[in-house]
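Here's the structure, in structure tokens; my notes come after.
Being a predicted model, the structure only gives us computed values, none of them experimental. The residues of the chain are indexed from 1 along the displayed sequence.
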Amino acid sequence: MKEEFKTFVRTKPELASYVTDGSMTWQKFYELWSLYGNDNKIWDDYPKKSVTTSARTSSNSNNFSFSSIVDSLKKVDMDSVQKGINSVQKAVELLQGFTAKDALSSSSSSGYEPRQLFKKFED
């Protein structure tokens, strides 16, 4: 059954654009195929729609330029970015404070020196 569906999909490569677009999944296509079969009018709707979808993606890829990057950077709220950076900086300082306390406590000794194993008191 899967192999038959795979051969059907190979005959209709435009279905892949719907999956990459996110409007359909392979599971939904499989269910439609198992219900309606290869030769149904439902499959006529997909090539028409995929042509417009592929035309849109090709025009979007051609319009991707430096100006679109600048436009998207203009939409960024710099105050929220600064708040995010400040919160990350505070978290790093807090972690550094914990590690500095651990380093100080491990390096400072209380004056205790362990005695030798085979040494008696007052020797």
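Checked against side chain to side chain donor-acceptor pair (under 3.5 Å), Q27 has the following partners two or more places apart in sequence or in another chain: E31. Applying the salt bridge (Lys or Arg N to Asp or Glu O under 4.0 Å) rule to E93 yields no partners; only residues at least two apart in sequence or on another chain are considered. Partners of E4 according to the side chain to side chain donor-acceptor pair (under 3.5 Å) rule, which considers only residues two or more places apart in sequence or in another chain, do not exist here. Y36 is linked by a ring-ring contact (aromatic ring centres under 6.0 Å, His included) to nothing, counting only residues two or more places apart in sequence or in another chain. Contacts of K6 classified as salt bridge (Lys or Arg N to Asp or Glu O under 4.0 Å), with partners at least two apart in sequence or in another chain: E3.
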- Task: Any chance you could lay out the side chain to side chain contact (heavy atoms under 4.5 Å, CB included) test for F8 and L15, step after step, and finish with the verdict?
- Result: CA-CA 10 Å; F8 170 71; L15 298 179; 4.1 Å; yes
Identify every side-chain donor-acceptor pair in residues 80-87 under 3.5 Å, counting partners at least two apart or on other chains, and give the distances.
{"residue": "S80", "atom": "OG", "partner": "D77", "partner atom": "O", "Å": "2.7"}
{"residue": "Q82", "atom": "NE2", "partner": "N86", "partner atom": "OD1", "Å": "3.2"}
{"residue": "N86", "atom": "ND2", "partner": "Q82", "partner atom": "O", "Å": "3.4"}
{"residue": "S87", "atom": "OG", "partner": "K83", "partner atom": "O", "Å": "3.4"}
{"residue": "S87", "atom": "OG", "partner": "G84", "partner atom": "O", "Å": "2.8"}

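In this structure, L35 is a member of the same hydrophobic cluster as F29, with clusters built from ILVMFWY side-chain heavy atoms closer than 4.5 Å.
Here the CZ-CG distance, from F5 to L32, works out to 9.0 Å after rounding to the nearest 0.5 Å.
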